[in-house]
Amino acid sequence: ACSRKNRNAALHPLWQSPLTIPGGTRQSPINIQWRDSVYDPFLKPLKISYDPTTCLHIWNNGYSFLVEFDDSTDRSIIVGGPLENQYRLKQFHFHWGAINDWGSEHTVDSKFYPAELHLVHWNAVEYPSFEEAVMEGNGLAVIGVFLKLGARHEGLQTLVDALPAVKHKDTVIEFDVFDPSCLLPSCPDYWTYAGSLTTPPLTESVTWIIKKKPIEVDEDQLEAFRMLLFTSDGEEEKRMVDNFRPLQPLMDRTVRSSFQ
Ligand SMILES: NS(=O)(=O)c1cccc(F)c1
Ligand SMILES: [Zn+2]
């Protein structure tokens with residue numbers, strides 16, 4: 001058995017932060033073992049209403065590319081599902097691999113997808129800002145959508161066409177009309193569990209809602225993600241790939257399903 005010191009010594013190459021939060025009991029991502037998930041008949045359908053004009057810009061933050069939204073009003077929200085309140089859309093981003101064999105953060109029966117979309121929302125009913133909600137157990141709700149290799153996704157293409165303009169870390173491009181609901185599968189089925197952010201500050205504030213069905217994207221669209229850079233203009237180029245956190249222990253958690 002390794003000593004306590006060693007157990008916490010493992011750092012993630014990307015962020016030099018601990019792979020597991022000392023004392024963390026609800027870390028993300030996790031493997032979703034389909035047969036161990038428990039159908040909850042009291043889970044409501046998730047209701048999503050996004051206003052495409054709340055879209056602001058695309059930003060390469062040196063870890064992923066974020067599509068950020070005006071979250072000063074309740075124009076783009078989700079409600080229902082496992083949620084007690086309505087939550088406001090703040091941003092969405094992706095995680096992906098260098099090759100198609102891996103890239104997603106969550107896995108289903110230990111299967112990786114080539115990429116995973118995260119739509120990040122915060123509880124503006126109970127908290128005054130995203131930054132405060134990030135620190136609270138029911139502060140955030142993130143919808144996870146798996147991407148699989150298949151047909152070209154026309155809705156995603158408008159986003160892909162803008163990526164060369166945010167190739168380098170800390171570049172931004174205006175992106176003023178986009179409806180992210182075009183990135184959701186039509187099937188309403190999801191899993192849900194209590195987890196955390198998967199990048200620093202890794203706070204245990206996320207109600208995860210993981211869609212059962214993936215969306216399809218084609219090879220060129222995945223390659224467009226992989227031509228982004230972790231590095232700033234002028235630095236030695238490092239391709240933005242494998243920006244996913246390793247799986248975390250389930251510990252004392254149950255994954256519920258909205259479907260039988
Ligand atoms: N990857 S994630 O858990 O969705 C996430 C990480 C950091 C900030 C945030 F708003 C969302
Ligand atoms: Zn994410």
Side-chain angles (χ1 to χ4, degrees), residues 12 14-21 24-32 46 48 54-71 76-78 81-83 87-97 102-107 112-124 127 129-147 156 159 169-170 180 183-184 190-211 214-215 222 225 228 230 240-248 253 255:
H12 190 282
L14 267 188
W15 329 296
Q16 301 311 313
S17 74
L19 283 179
T20 56
I21 288 289
T25 58
R26 53 175 280 192
Q27 289 291 294
S28 295
I30 60 168
N31 174 51
I32 297 168
L46 190 61
I48 292 162
T54 56
C55 192
L56 294 172
H57 53 251
I58 309 173
W59 171 41
N60 178 334
N61 70 352
Y63 179 72
S64 182
F65 64 94
L66 308 187
V67 181
E68 297 200 288
F69 289 77
D70 169 5
D71 60 350
S76 289
I77 57 154
I78 58 171
L83 305 171
Y87 286 65
R88 256 183 220 171
L89 176 66
K90 164 95 179 153
Q91 51 103 328
F92 69 82
H93 62 273
F94 298 81
H95 303 263
W96 60 91
W102 59 73
S104 61
E105 296 215 295
H106 292 87
T107 54
F112 283 94
Y113 285 87
E116 184 173 332
L117 160 64
H118 289 159
L119 293 138
V120 181
H121 310 76
W122 59 281
N123 182 345
Y127 306 113
S129 70
F130 171 78
E131 287 70 23
E132 302 214 18
V134 161
M135 309 309 288
E136 303 293 335
N138 67 340
L140 303 182
V142 182
I143 299 175
V145 180
F146 295 118
L147 276 61
L156 182 69
L159 185 51
K169 177 181 178 185
D170 293 331
L183 298 176
L184 294 167
Y190 62 85
W191 289 285
T192 184
Y193 78 97
S196 74
L197 298 179
T198 65
T199 67
L202 301 170
T203 45
E204 298 185 331
S205 53
V206 181
T207 298
W208 280 97
I209 299 166
I210 307 288
K211 302 293 282 183
I215 58 170
L222 286 171
F225 287 12
L228 294 168
F230 283 129
M240 185 181 275
V241 292
D242 297 334
N243 55 358
F244 58 91
R245 189 190 191 192
L247 292 170
Q248 302 295 309
R253 289 180 283 182
V255 177

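We count ligands from 1, going down the list as the structure has it; atoms in each ligand are counted the same way. Sequential numbering from 1 along the given sequence is applied to the chain's residues.
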_Name of whichever N/O/S atom of His95 is nearest to the Zn ion (ligand 2)_ = NE2
_Test side-chain contact (heavy atoms from CB on, under 4.5 Å) applied to Pro180 and Ile48, Leu117, Leu119, Ile143, the passing residue_ = Leu119
_Proximity of Trp59 and His93 rings by center, below 6.0 Å_ = no
*Strictly under 4.0 Å, does any heavy atom of His93 approach an atom of ligand 1?*
yes
*May I ask you to say whether Arg88 pairs ionically with Asp71, meaning some side-chain N is under 4.0 Å from a carboxylate O?*
no
*For ligand 1, which atoms, with element, lie under 4.0 Å from some heavy atom of Trp208?*
3 (O), 4 (O)
*Which of the N/O/S atoms in His118 sits closest to the Zn ion (ligand 2)?*
ND1
*Gln91 to ligand 1: N or O pair under 3.5 Å?*
no
*asked:* So that I know where these two stand, are Trp208 and His106 an aromatic pair - ring centroids less than 6.0 Å apart?
replied: yes
*Identify the closest protein heavy atom to atom 5 (C) of ligand 1: which residue and atom is it, and at what distance?*
Leu197 CD2, 3.7 Å
*Counting each atom of ligand 1 from 1 as listed, which ones have a heavy atom of Phe130 under 4.0 Å away?*
10 (F)
*Is it the case that more than 12 heavy atoms not belonging to Lys169 sit under 6.0 Å from its NZ atom?*
no
*asked:* Any atom of ligand 1 sitting under 4.0 Å from a heavy atom of Arg245?
replied: no
*How far apart are the closest heavy atoms of Ser205 and Glu136, and which atoms are they?*
CB-O, 2.8 Å
_Given Thr198, Thr199, Leu202, identify the one with the heavy atom nearest to atom 3 (O) of ligand 1._
Thr198
*Between CG of Leu56 and CG of Leu66, what distance do you get to the nearest 0.5 Å?*
12.0 Å
*asked:* Under a 4.0 angstrom heavy-atom cut-off, which atoms of ligand 1 come close to His95?
replied: 1 (N)
